[in-house]
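Data block below; observations after.
All residue numbers refer to positions in the sequence shown, counting from 1. Side chains included, hydrogens not; waters and symmetry mates left out as well; all remaining heavy atoms used. These numbers come from a predicted model, not from an experiment.
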Amino acid sequence: MDTLKKIFPLSFKYIDSVANLIIGILIYLVVGILGGVLLGIVGIIPVIGLLVGIVGALVDLYVIAGIVIQILVFTKVLK
């Protein structure tokens, strides 16, 4: 559990109320959108496109996992 708290700190921070849960989810979504836009701009270069695609997939996975963990902590499935 300590490892999850180090990797996904926002998932354990915004769990006090429904409003905080929504704020935390919105933060994850904004990070995902900004990461996608930045990686899309860099991905125009053909040689780097494959590496940028892999990094983009990892950013998307981080965002989805962070939101799922945050919801699980809010519903007290994880402590």
Side-chain angles (χ1 to χ4, degrees):
M1 189 61 78
D2 291 331
T3 306
L4 279 178
K5 287 182 181 180
K6 290 179 184 174
I7 297 174
F8 300 100
L10 288 178
S11 295
F12 293 92
K13 185 176 180 184
Y14 293 101
I15 55 170
D16 299 336
S17 65
V18 175
N20 282 340
L21 176 69
I22 293 171
I23 290 171
I25 290 173
L26 288 176
I27 290 172
Y28 272 118
L29 290 177
V30 167
V31 167
I33 291 170
L34 289 177
V37 168
L38 291 175
L39 290 173
I41 292 171
V42 174
I44 294 173
I45 303 169
V47 177
I48 303 176
L50 179 65
L51 295 174
V52 170
I54 293 171
V55 172
L58 291 175
V59 168
D60 290 342
L61 182 65
Y62 180 82
V63 168
I64 291 171
I67 291 171
V68 169
I69 290 171
Q70 185 173 13
I71 291 171
L72 290 176
V73 170
F74 180 76
T75 58
K76 299 192 181 3
V77 173
L78 293 176
K79 294 182 181 182

Going by the side chain to side chain donor-acceptor pair (under 3.5 Å) test, which pairs reach into [range], not counting sequence neighbours?
{"range": "residues 34-57", "answer": "none"}
{"range": "residues 27-54", "answer": "Ser11-Tyr28"}
{"range": "residues 15-25", "answer": "none"}
{"range": "residues 46-59", "answer": "none"}

Taking only distance into account, with no hydrogens and no angle test, what donor-acceptor pairs under 3.5 Å do side-chain atoms of residues 31-51 form with protein atoms, sequence neighbours excluded?
none

> When rounded to the nearest 0.5 angstrom, what distance separates CD1 in Ile71 from CG in Leu78?
Replying inline: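 So the gap between those two atoms works out to 11.5 Å.
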> Got a second to check how far Ile23's CD1 is from Lys13's NZ, nearest 0.5 Å?
Replying inline: 11.0 Å
>> With clusters defined by side-chain heavy atoms of hydrophobic residues (ILVMFWY) lying less than 4.5 Å apart, directly or transitively, does Leu10 cluster with Val30?
In response: no
Show the atom names and distances, to 0.1 Å, of all donor-acceptor pairs under 3.5 Å that link a side chain in residues 52-65 to residues at least two apart or in another chain.
from  : atom 1 : to   : atom 2 : distance (Å)
Tyr62 : OH     : Ile7 : O      : 2.9

>> Are Gln70 and Ile25 packed together at the side-chain level, in the sense that at least one heavy-atom pair is separated by less than 4.5 angstrom?
In response: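 Yes; the side chains approach each other to less than 4.5 Å.
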> Which atom pair, heavy atoms only, marks the closest approach of Val18 to Phe74?
Replying inline: CG2-CZ, 3.8 Å
